[in-house]
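All values derive from a computational prediction rather than experimental measurement. Any value given below was found using the heavy atoms of this structure, including those in side chains, with hydrogens, waters and symmetry copies removed.
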Protein chains: 2
Amino acid sequence: MQGKLSGEDIKRVTELLRKSGYKLTPQRQAIVDTIISSVGNHLTVEELYALVRLKKPEIGLATVYRTVILMNELGLVSRLDLKDGSARYEMTRIEENHTHHHLICTRCSRVSEFMGDLLEPIEHVIEEKYNFIIKDHSLKFYGICEECAKEEKLKEEKLV
Amino acid sequence: MQGKLSGEDIKRVTELLRKSGYKLTPQRQAIVDTIISSVGNHLTVEELYALVRLKKPEIGLATVYRTVILMNELGLVSRLDLKDGSARYEMTRIEENHTHHHLICTRCSRVSEFMGDLLEPIEHVIEEKYNFIIKDHSLKFYGICEECAKEEKLKEEKLV
DNA sequence: GTATGTGCAAACGGTTTGCAGAAAT
DNA sequence: ATTTCTGCAAACCGTTTGCACATAC
C-alpha cells in the first residue's frame with residue numbers, strides 16, 4: 001500500500017460508476033479505495049483481494065474479479081499482462097493520455113514505469129505504411145532494474 | 001500453412017537440438033517441420049497440435065507443449081502473448097536481430113508484423129535515465145487492419 | 001418493488017506434471 | 001544400457017459462471 005490516497009480520485013471514480021448506471025455497493029467502494037491507495041503497485045487480483053479483505057473480510061474473490069473487469073471497461077483501471085500468467089491492474093491516472101509504459105525486471109519482477117509520447121512518430125509511420133489504424137499500444141522493456149544490478153555487483157565483488 | 005519451407009532452416013534447428021544434447025525424435029521433427037512451414041502464422045499450441053496431427057496422428061498435446069517450451073528456451077521460436085489467453089509461437093528468423101513487432105487487429109485478431117529498429121534510440125534514453133539494463137522489449141499496436149477497415153467502409157456505403 | 005450485485009462453489013480452459021512404457025543414443 | 005522422451009490422464013491455477021439470497025436505488 002503506497003501512494004497518496006486522493007479523495008478527488010475516489011469521487012471521480014464512484015461518480016462515473018453511478019452515472020453509468022451501476023450501483024455503488026460497499027464492496028465496490030472498498031475495492032476502489034484500495035486500488036486507488038496503491039497507485040504504482042500493479043496488483044494481481046489475488047493481491048488486491050487480500051488487501052480488500054483487510055477492510056471487508058466477507059468479500060468474495062469473484063466480486064473483486066467482476067469489479068475489476070467493470071472498471072477496466074469503464075477505463076478506470078488498466079490491465080497489465082506480464083508473462084507470469086496473472087493479470088495485473090492499476091489505476092488509470094487522468095493526467096496522462098495513454099502514454100506510459102513499463103519496465104519489467106526479470107530478476108525481481110518489479111514493475112516500474114516511464115512516461116513519454118515517444119511512440120507518436122513511430123505510430124504515424126506505421127499507419128501510413130501498413131494502412132493500419134492504431135487504437136492502442138503496448139510497450140514493455142524487460143531487463144535488470146537498478147537494485148538488482150547493484151546487488152549483482154556486490155556479489156561479484158565478494159567473489160573477487 | 002503458408003510461407004516457403006526452408007530445408008536450411010530445418011537443418012539449422014535440428015542441428016541445434018542435437019548439439020544441445022536433446023534427442024531428435026520423430027515427434028520433434030514433425031513439430032519443427034510444421035512450425036517452419038507456417039512462418040508468419042503465429043500459431044497457438046492447439047493450432048500447431050492440429051497441424052502436426054495431420055502428419056503424426058498419435059502425437060500428444062503435452063509433447064507439443066514440451067517441444068515448444070524447449071524450442072523457446074533455445075531461442076528457436078518466440079512466444080507471443082496476445083490478450084486472448086493462449087500463447088502463440090512463431091519461428092525466430094535468423095536475419096532479424098530481435099527487431100520485429102506486431103500489429104494486432106482487434107476486429108479479426110489477425111496478426112501482422114513490421115520491422116524496424118525504431119526503438120533503439122528510445123532504449124538508450126531509458127537505460128540512462130532509469131538505470132535499467134534492457135535485455136528485451138515488446139512493442140505491440142492494437143487497432144484495425146486494412147481489410148477490416150475496407151469492410152467497414154463497404155457496410156457504411158450500403159447503409160447510405 | 002425491482003433490477004442489479006454478492007458470495008459460494010462448481011465449471012472452465014490453457015497449461016503442467018507424474019508416471020509407466022517406448023525409443024534414441 | 002542408460003538416459004531421455006512420449007502419451008495419457010490427472011492435477012493445476014487463474015478466471016468465469018450459475019444460482020439463490022441480499023441490497024442499492
Side-chain angles (χ1 to χ4, degrees), chain A residues 13-35 42-74 76-77 79-89 109, chain B residues 13-35 42-74 76-77 79-89 109:
Chain A
V13 171
T14 51
E15 212 83 319
L16 182 51
L17 275 173
R18 274 220 145 81
K19 267 194 211 156
S20 312
Y22 297 104
K23 292 179 180 170
L24 196 46
T25 64
Q27 289 89 334
R28 284 178 182 164
Q29 276 281 8
I31 294 169
V32 168
D33 290 358
T34 305
I35 209 169
H42 311 92
L43 302 171
T44 63
V45 178
E46 286 284 352
E47 287 165 353
L48 180 54
Y49 176 48
L51 287 175
V52 174
R53 262 208 297 196
L54 299 176
K55 300 187 214 157
K56 273 230 133 245
E58 345 77 75
I59 204 168
L61 177 57
T63 300
V64 180
Y65 270 103
R66 288 189 274 230
T67 304
V68 123
I69 290 168
L70 174 61
M71 290 178 70
N72 189 43
E73 278 162 6
L74 293 176
L76 296 171
V77 298
R79 192 189 158 126
L80 170 66
D81 282 298
L82 306 190
K83 296 181 174 175
D84 66 350
S86 23
R88 284 153 196 281
Y89 292 88
S109 57
Chain B
V13 172
T14 51
E15 213 82 320
L16 181 53
L17 274 173
R18 274 217 143 81
K19 267 194 212 159
S20 312
Y22 297 104
K23 293 181 178 167
L24 197 47
T25 64
Q27 289 88 332
R28 285 179 181 163
Q29 275 282 9
I31 293 170
V32 168
D33 290 0
T34 306
I35 211 171
H42 312 91
L43 302 170
T44 64
V45 178
E46 286 284 352
E47 286 164 356
L48 180 54
Y49 176 49
L51 287 175
V52 175
R53 261 208 298 195
L54 299 176
K55 300 186 214 158
K56 274 227 131 249
E58 344 78 73
I59 204 167
L61 178 56
T63 300
V64 181
Y65 270 103
R66 288 189 275 232
T67 303
V68 123
I69 290 168
L70 175 61
M71 290 178 71
N72 189 43
E73 278 162 7
L74 293 176
L76 297 171
V77 299
R79 192 188 157 125
L80 171 66
D81 282 298
L82 307 191
K83 296 181 173 174
D84 66 350
S86 23
R88 285 152 197 281
Y89 291 89
S109 56

Residue-phosphate contact under 4.0 Å: [X] side-chain N/O, [N] OP1/OP2:
| X | N | result |
| --- | --- | --- |
| B/Thr25 | D/dT6 | yes |
| B/Thr44 | C/dG14 | no |
| B/Tyr65 | C/dT15 | yes |

Rounded interatomic separation in angstrom, taking [atom1] from [X] and [atom2] from [N]:
| X | N | atom1 | atom2 | result |
| --- | --- | --- | --- | --- |
| B/Ile69 | D/dC5 | CD1 | P | 13 Å |
| B/Gln27 | C/dG21 | CD | C1' | 13 Å |
| A/Leu24 | C/dT6 | CG | P | 10 Å |
| A/Arg79 | D/dT15 | CZ | P | 7 Å |
| B/Leu17 | C/dT25 | CG | C1' | 15 Å |
| A/Tyr49 | D/dT15 | OH | C1' | 14 Å |
| B/Arg66 | C/dC19 | CZ | C1' | 11 Å |
| B/Lys83 | D/dT15 | NZ | P | 15 Å |

Earlier contact from the 5' end, DNA chain C, for B/Pro26 and A/Gly21 =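 The 5'-side residue here is A/Gly21.
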
Starting from the 5' end of DNA chain C, give me the residue, B/Tyr22 or B/Leu61, whose nearest nucleotide shows up first.
-> B/Leu61

Touch class at under 4.0 angstrom, heavy-atom based, for A/Glu46 against every strand present |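 Nothing, no nucleic acid heavy atom in range.
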
Give B/Arg28 one of three labels, base, sugar-phosphate or nothing, depending on what nucleic acid heavy atoms sit under 4.0 Å from its own.
-> sugar-phosphate

List the atom of [X], the atom of [Y], and the distance in Å for their closest heavy-atom pair.
| X | Y | answer |
| --- | --- | --- |
| B/Leu70 | B/Tyr22 | CD1-CZ, 3.4 Å |
| A/Arg79 | A/Asn72 | N-OD1, 3.7 Å |
| B/Ile59 | B/Val64 | CD1-CG2, 4.4 Å |

Hey, are the side chains of B/Lys56 and B/Gln29 touching, using non-hydrogen atoms and a 4.5 Å cut-off?
->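 When only atoms from C-beta onward are counted, B/Gln29 and B/Lys56 do not touch, as no gap falls below 4.5 Å.
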
Answer yes or no: side-chain N or O of B/Lys23 and base N or O of C/dA23 forming a donor-acceptor pair under 3.5 Å.
->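 When only heavy-atom distances are counted, B/Lys23 does not reach the base of C/dA23 through any donor-acceptor pair under 3.5 Å.
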
Are any side-chain N or O atoms of B/Arg28 and backbone N or O atoms of B/Thr67, one a donor and one an acceptor, separated by less than 3.5 Å?
-> no

Just compare C/dG14, D/dT17, D/dG14 and give me whichever is closest to any side-chain atom of A/Ala62.
-> D/dT17

